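One structure is given here, and the rest of the page talks about it.
Please read these numbers as outputs of a predicted model, since none were measured by experiment. Atoms within each ligand, like the ligands themselves, are counted from 1 in listed order.
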Amino acid sequence: MAVDLHSHSIASDGSDKPTRLVELALEKGLTALALTDHDTQAGVADARSAATGTGLELIPGTELSLEYDAGGMHLVVLWLEPGPGPLQDRLGKLQGGREQRNERIVKILTDSGMPIDISEIHEEAGDGSVGRPHIAAVMVSKGYVPDLGAAFEEWLGTGKPAYVGRPRLNPEEGIALARQSGAVPVLAHPHTLGISRASDMADMLNRLREAGLVGLEAIYSSYHRHEREGYADLARRFGLIPSGGSDYHGTYKEGLDVGSGYGDLVVPDSTVDELRSHAKGT
Ligand code: AMP
Ligand code: ZN
Ligand code: FE
Ligand code: FE
């Protein structure tokens, strides 16, 4: 039996409704699906009602981008119950930071000869949390770049001309807020940290573990088998639980399926029980 502990819906930068994600997970025969939209839990209620009465456990979550200059540090937060709470209360502020960032990106693009109105980005995003993939999609539809990848490589990616940072929680703070909220923090796709030296990785994992990190995403769509095994070993050596998920985004990440990733992803359901033992109030 398999699970998927990382996915995005139209509540952030996925293209499918939360209810559709639940359908896809059921079609794949998954026993659990975590909805981890960036900085929001707006899709959880719909996903939960769709999962009620099925064999699928819907795990409420979110994905945070943490303060880290050397690359991207994302935290998948599992069993975060929507409603008031230490981390839940911060999500609204993080949304505000996104809005200001998006306006600045749109201005840079417009000044660079690619006129875009912020309303076009909102239209692309629907009601959800607005992310760079939405801006990338508008750039593609206006013919400014050939595809989403090019939009990031040429303009929106870290360090590129239209890259604009936004306020983020620092790693210790993000992890602590997740734990204080009874949730289970997992370091997402660890390759994006950009750490190649084993001793540097050890220092980082020790630091995050001491802050309260529980899991490390080892079984990730884009990883080869040896990488999945390597990250799972690494997790165990540092007292972390190997987690896994597809990072499904619908049409915003082509070729990826819920549960099975690029076809070979299998996250065992024992992962859920192990991670859940660190959640409070479930
Ligand atoms: P944001 O949360 O608005 O900063 O945007 C982050 C989103 O952009 C994530 O969902 C990533 O999957 C996506 N993203 C980041 N870098 C790239 C890239 N180089 N190519 C495609 N998508 C990317
Ligand atoms: Zn995303
Ligand atoms: Fe991520
Ligand atoms: Fe993600």
Side-chain angles (χ1 to χ4, degrees), residues 4-16 18 21 33-43 59 61-68 71-78 80 91 94-106 108-109 118 121-122 124-126 128-140 145-169 174 185-194 215 217 219-223 243-256 258 261 265 267:
D4 189 339
L5 302 180
H6 187 164
S7 73
H8 300 269
S9 76
I10 54 168
S12 66
D13 55 359
S15 61
D16 288 331
L21 288 186
L33 171 73
L35 183 64
T36 56
D37 279 307
H38 301 280
D39 302 334
T40 184
Q41 298 205 281
I59 300 170
T62 190
E63 182 177 11
L64 305 172
S65 304
L66 302 176
E67 192 68 59
Y68 176 68
M73 187 188 289
H74 291 185
L75 194 71
V76 160
V77 180
L78 303 173
L80 182 71
L91 296 180
L94 296 170
Q95 296 285 343
R98 278 181 174 275
E99 193 47 38
Q100 288 181 351
R101 186 267 319 245
N102 295 335
E103 281 166 14
R104 289 177 58 197
I105 293 178
V106 163
I108 294 170
L109 293 174
I118 193 77
I121 309 294
H122 284 141
E124 173 68 30
S129 172
V130 184
R132 282 177 290 164
H134 299 119
I135 302 177
V138 172
M139 292 172 75
V140 174
V145 286
D147 53 42
L148 297 174
F152 276 92
E153 273 149 43
E154 293 167 26
W155 294 98
L156 303 172
T158 312
K160 304 296 174 181
Y163 177 79
V164 179
R166 58 189 170 86
R168 290 172 286 178
L169 298 170
V186 174
L187 183 66
H189 41 67
H191 71 287
T192 62
L193 296 178
E217 200 168 58
I219 311 175
Y220 189 66
S221 294
S222 62
Y223 293 171
S243 182
S246 63
D247 207 0
Y248 180 76
H249 279 75
T251 58
Y252 291 100
K253 267 195 187 182
E254 292 288 350
L256 255 179
V258 170
L265 193 79
V267 183

Between H249 and D13, is any side-chain donor less than 3.5 angstrom from a side-chain acceptor?
-> yes
Is there a donor in the side chain of S129 and an acceptor in the side chain of T40, or the other way round, less than 3.5 Å apart?
-> no
Donor-acceptor pair between E217 and H191 side chains, under 3.5 angstrom | no
Less than 4.0 Å from some atom of ligand 1, heavy atoms are found in residues D13, H38, R98, R101, G131, R132, P133, F152, R166, H249, K253
Positive for side-chain contact (heavy atoms from CB on, under 4.5 Å) with V164, one of R132, Q100, R101 | R101
Would you name the N/O/S atom of D247 that lies closest to the Fe ion (ligand 4)?
-> OD1
Do any of the N/O/S atoms of H6, backbone or side chain, fall under 2.8 Å from the Fe ion (ligand 4)?
-> yes
Just wondering, is there an N, O or S atom on H8 that's nearer than 2.8 Å to the Fe ion (ligand 4)?
-> yes
Under 6.0 Å between the ring centres of H134 and Y252?
-> yes
Does the side chain of H6 come within less than 4.5 Å of H189's, by heavy atoms?
-> yes
Checking only N/O/S atoms, does H38 have one that is under 2.8 Å from the Zn ion (ligand 2)?
-> yes
Any side-chain donor near an acceptor of the partner, D247 and S221, under 3.5 Å | no
Side-chain heavy atoms of E99 within contact of I118, under 4.5 Å = yes
In E63, what N, O or S atom is nearest to the Fe ion (ligand 4), if we give its atom name?
-> OE1
The Zn ion (ligand 2) to nearest N/O/S of D13 less than 2.8 Å = yes
Can you tell if the side chain of L75 reaches within under 4.5 Å of the side chain of L169, non-hydrogen atoms only?
-> no
